[in-house]
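Worksheet: the structure to be examined is printed underneath.
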Number of protein chains: 2
Amino acid sequence: MPEPVETIGERLQSSFDALTRAERQLANAILENYPVSGLGSITTLAAHAKVSTPTVVRMVRKLGFPGFPQFQAALRRELEAKITNPIAKHDTWAENAPDGHILNRFTEAVIDNIHQTLAQIDPQSFDAACALLADPKRTVFVAGGRITRALSDYFYMHLQMIRRGVTSIESRSNSWPHSLLDMEAGDVLVIFDNRRYENSTIKLAELAREQGVKIILFTDQWRSPVSRCADLCFSSRIVVPSAWDSSVVIMLLLETMIAEVQKQTWDGTRERIEALEEVFDRTRFFRKFN
Amino acid sequence: MPEPVETIGERLQSSFDALTRAERQLANAILENYPVSGLGSITTLAAHAKVSTPTVVRMVRKLGFPGFPQFQAALRRELEAKITNPIAKHDTWAENAPDGHILNRFTEAVIDNIHQTLAQIDPQSFDAACALLADPKRTVFVAGGRITRALSDYFYMHLQMIRRGVTSIESRSNSWPHSLLDMEAGDVLVIFDNRRYENSTIKLAELAREQGVKIILFTDQWRSPVSRCADLCFSSRIVVPSAWDSSVVIMLLLETMIAEVQKQTWDGTRERIEALEEVFDRTRFFRKFN
DNA sequence: GTCATTCTGTATAGATAATTACAGACCTGC
DNA sequence: GCAGGTCTGTAATTATCTATACAGAATGAC
């Protein structure tokens, strides 16, 4: 019997396009915790993937197995082979790529950045920032520069869905002085500023500060000059094997913050979100769950 | 629920003396190829150990399990814990924050997402995508939807600095049909599309495809319908403990891709970058650091 | 919009597995 | 060798799982 050259996991991926919606959902559930998730009963697996058992049978057939038990047996054989040779330490992330491939080098650097950034972060500051942003009485302004524009946009978009009173400012445009007029003491200004730090951003921060605005700053490990007048400052590692800096860690932090603010304001903005959901449901691309 | 301090394997060995002849035979068979041998049916296991099925039940009861299925479930849990990546199980990332703090939970999920995404990625596709983007003869169009706008902007901005012939398209706006006119066979269209997938994005992809444009797609684990007409598709895990999805892994991939394209086009675009630097310095938007 | 096609879940029948009951086998000590 | 006990397997029962049939829902073509 010729050994299967592909693992079932790989086969699931390669034939992913040939699968239907429910089957993909199932395939993902299997890959999620591969291969253990496939070793229970068909009932368990189906329930975990939130599909019906026949769907499991159908997909397994598509993969070429006569039935679920055979599929499972194949999984066990695979696992057996994998376990006998000691599990190699995971220094490569993209297993299919050669050791020095950029995918592995880059990812390793990013993981390292996450590690170092999180080790240094002050949870009290983080919680304080979330509390400020969750306070409906404070208007929130979000500002980014040239490179950080995408980050501030991303932050703004989510926050704007979560709560009312959120405004986006482009620090480079000469329209931001107008926004300053709207700021009141106690309002919050979220600033993104990575090297090379922009003068207009610093100016904005200083002026806002004078009006009693609370400033939350996301910056890099060398810290933007804005940090001098920021109430809360979060600095992230951004160095990667690239000509450019990485925004991954900053994005991780801001997504985490959004998750927390969302949670804290859930009661007050539930309706807001649900209205939004309804609009999305119209697209009918996604299955509804109860 | 108190965690079991001993593994089932250890328990088998420590209570080996309390077992009967047939049970020892069975215990040995289980340990022979641990733990996979215990994951089949009770019948298979009994046959393999050359004992009867009731013997299996009796021994399992001696170990303290109510029945064979529970024993097997415990084996699976054990296995699961064993094969999950040690890096992903680094529970506390922000050491100063309490265990269940959102910073730790969120980061853990993201690391897990990175791990799973990279494990599934096809390096050949990745390299092929980089080659397409590094080819100066091909014009590149970058398109994003509502949520993915920030990502496509970020990608566009970097690519635009690296090379000439890069255009940004907003899939929602009704201006994109004009961009279609500019597309020629062999050009490249980079599309970002996460759930919930947008109809206008799909339409754009189809029309571009008809014109012989190469399509590179960044999507989520469930894959946008665009994947059907994409030449290269990169799907990332995006689920985190939040009401929203995470873009971190997608950003990681696109940054890596930018790093590689930059490297490949370095000779040709060195001047471009230097000219850019000079412009920025002249406008004095940025403070100079040494 | 309407129709054909494909997909997906419910219900159910069929298969298999897990457990129990029980009787014979095997020790052990006299 | 035989009585008391334990151990073990066979066979029957029960529970659970797997596969199928079919109908309703979703999708895609016109």
Side-chain angles (χ1 to χ4, degrees), chain A residues 15-30 37-76 280-290, chain B residues 15-30 37-76 195-199 202-203 205-206 222-229:
Chain A
S15 48
F16 200 89
D17 293 330
L19 299 180
T20 64
R21 197 260 314 147
E23 286 167 352
R24 291 180 186 197
Q25 203 171 315
L26 171 62
N28 272 314
I30 294 175
S37 51
L39 292 173
S41 74
I42 194 174
T43 319
T44 321
L45 177 57
H48 185 249
K50 301 212 172 85
V51 299
S52 65
T53 54
T55 300
V56 180
V57 177
R58 283 188 284 257
M59 194 198 67
V60 161
R61 293 251 168 88
K62 270 193 189 169
L63 293 178
F65 298 96
F68 183 77
Q70 289 81 4
F71 165 78
Q72 208 171 47
L75 269 184
R76 273 198 300 273
F280 288 145
D281 280 346
R282 296 270 192 84
T283 64
R284 281 198 268 141
F285 268 118
F286 244 71
R287 166 204 282 240
K288 274 202 214 156
F289 286 101
N290 305 330
Chain B
S15 51
F16 200 84
D17 294 331
L19 300 180
T20 66
R21 198 257 316 143
E23 286 168 352
R24 291 179 187 198
Q25 201 173 316
L26 171 62
N28 274 319
I30 294 177
S37 53
L39 292 173
S41 74
I42 194 172
T43 320
T44 322
L45 177 58
H48 187 247
K50 302 214 170 79
V51 299
S52 67
T53 56
T55 299
V56 180
V57 177
R58 281 188 285 260
M59 194 199 67
V60 160
R61 294 252 167 88
K62 272 194 188 168
L63 293 178
F65 297 97
F68 184 76
Q70 289 79 6
F71 166 80
Q72 208 172 46
L75 269 183
R76 273 199 300 273
R195 69 174 179 182
R196 295 137 170 276
Y197 317 115
E198 298 180 26
N199 283 321
I202 297 158
K203 210 73 207 159
E206 282 167 354
W222 302 282
R223 301 196 183 204
S224 150
V226 172
S227 68
R228 281 200 296 270
C229 61

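Throughout, a chain's letter reflects where its sequence line sits, starting with A, and its residues are numbered from 1. Just the heavy atoms: all of them, side chains too, but no hydrogens, waters or symmetry mates, feed the values below.
For B:Thr43, the side chain to side chain contact (heavy atoms under 4.5 Å, CB included) partners are B:Ser41, not counting sequence neighbours. Residues that satisfy the side chain to side chain contact (heavy atoms under 4.5 Å, CB included) test with A:Gln72, not counting sequence neighbours, are A:Leu39, A:Phe68, A:Arg76. Taking the side chain to side chain contact (heavy atoms under 4.5 Å, CB included) definition, one finds that B:Lys62 meets it with B:Leu19, B:Thr20, B:Glu23, sequence neighbours left out. Qualifying salt bridge (Lys or Arg N to Asp or Glu O under 4.0 Å) partners for B:Lys203, counting only residues two or more places apart in sequence or in other chains: B:Glu206. Here B:Phe65 pairs with B:Phe71 under the ring-ring contact (aromatic ring centres under 6.0 Å, His included) rule; sequence neighbours left out. The side chain to side chain contact (heavy atoms under 4.5 Å, CB included) test applied to B:Thr53 returns B:Ile42, B:Ala46, not counting sequence neighbours.
A:Gln25 has its CD atom 15 Å from the P atom of C:dC7, to the nearest Å. The separation between A:Arg58 atom CZ and D:dT18 atom C1' is 13 Å, rounded to whole Å. With rounding to whole Å, A:Arg21 atom CZ is found 12 Å from D:dT27 atom C1'. Per the geometry, CE belonging to B:Met59 stands 15 Å off C1' belonging to D:dC7, to the nearest Å.
The stretch residues 61-72 of chain A touches DNA chain D through A:Arg61, A:Gly67, A:Phe68, A:Pro69, each having a heavy atom within less than 4.0 Å of the strand. Less than 4.0 Å separates DNA chain C from at least one heavy atom of each of the following residues of residues 41-50 of chain B: B:Ser41, B:Ile42, B:Thr43.
Contact of the A:Arg58 side chain with the A:Val51 side chain is not registered, since no non-hydrogen atoms from C-beta on lie closer than 4.5 Å.
Between C:dG9, D:dG28, D:dG9, one nucleotide has an atom nearer to the side chain of B:Arg228 than all others, and that is D:dG28. The A:Thr55 side chain lies nearest to C:dT8 when the options are C:dT8, D:dT10, C:dA11. Taking the side chain of A:Ala22 as heavy atoms from C-beta on, and the options D:dG9, C:dT10, C:dT8, the nearest nucleotide is C:dT8.
Annotation: the span from A:Gln70 atom CD to A:Arg61 atom CZ amounts to 9.0 Å, rounded to 0.5 Å. Taken to the nearest 0.5 Å, the CG atom of A:Leu26 stands 7.5 Å off from the OG1 atom of A:Thr55. To the nearest 0.5 Å, atoms OH (B:Tyr197) and OG (B:Ser227) are separated by 8.5 Å.
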Checklist entry - Would A:Asn28 and B:Arg223 satisfy side-chain contact (heavy atoms from CB on, under 4.5 Å), going step by step from the backbone distance to the final call? => result CA-CA 11 Å; A:Asn28 272 314; B:Arg223 301 196 183 204; over 6 Å; no
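Between its opening and closing five pairs, the helix from C:dG1-D:dC30 to C:dC30-D:dG1 changes axis direction by 40°, a value rounded to 10 degrees.
Contact check, B:Thr20 against D:dT8: a side-chain N or O comes under 4.0 Å of OP1 or OP2.
The nearest heavy atom of DNA chain C to A:Thr53 and to B:Pro54 marks one nucleotide each, and the one closer to the 5' end goes with A:Thr53.
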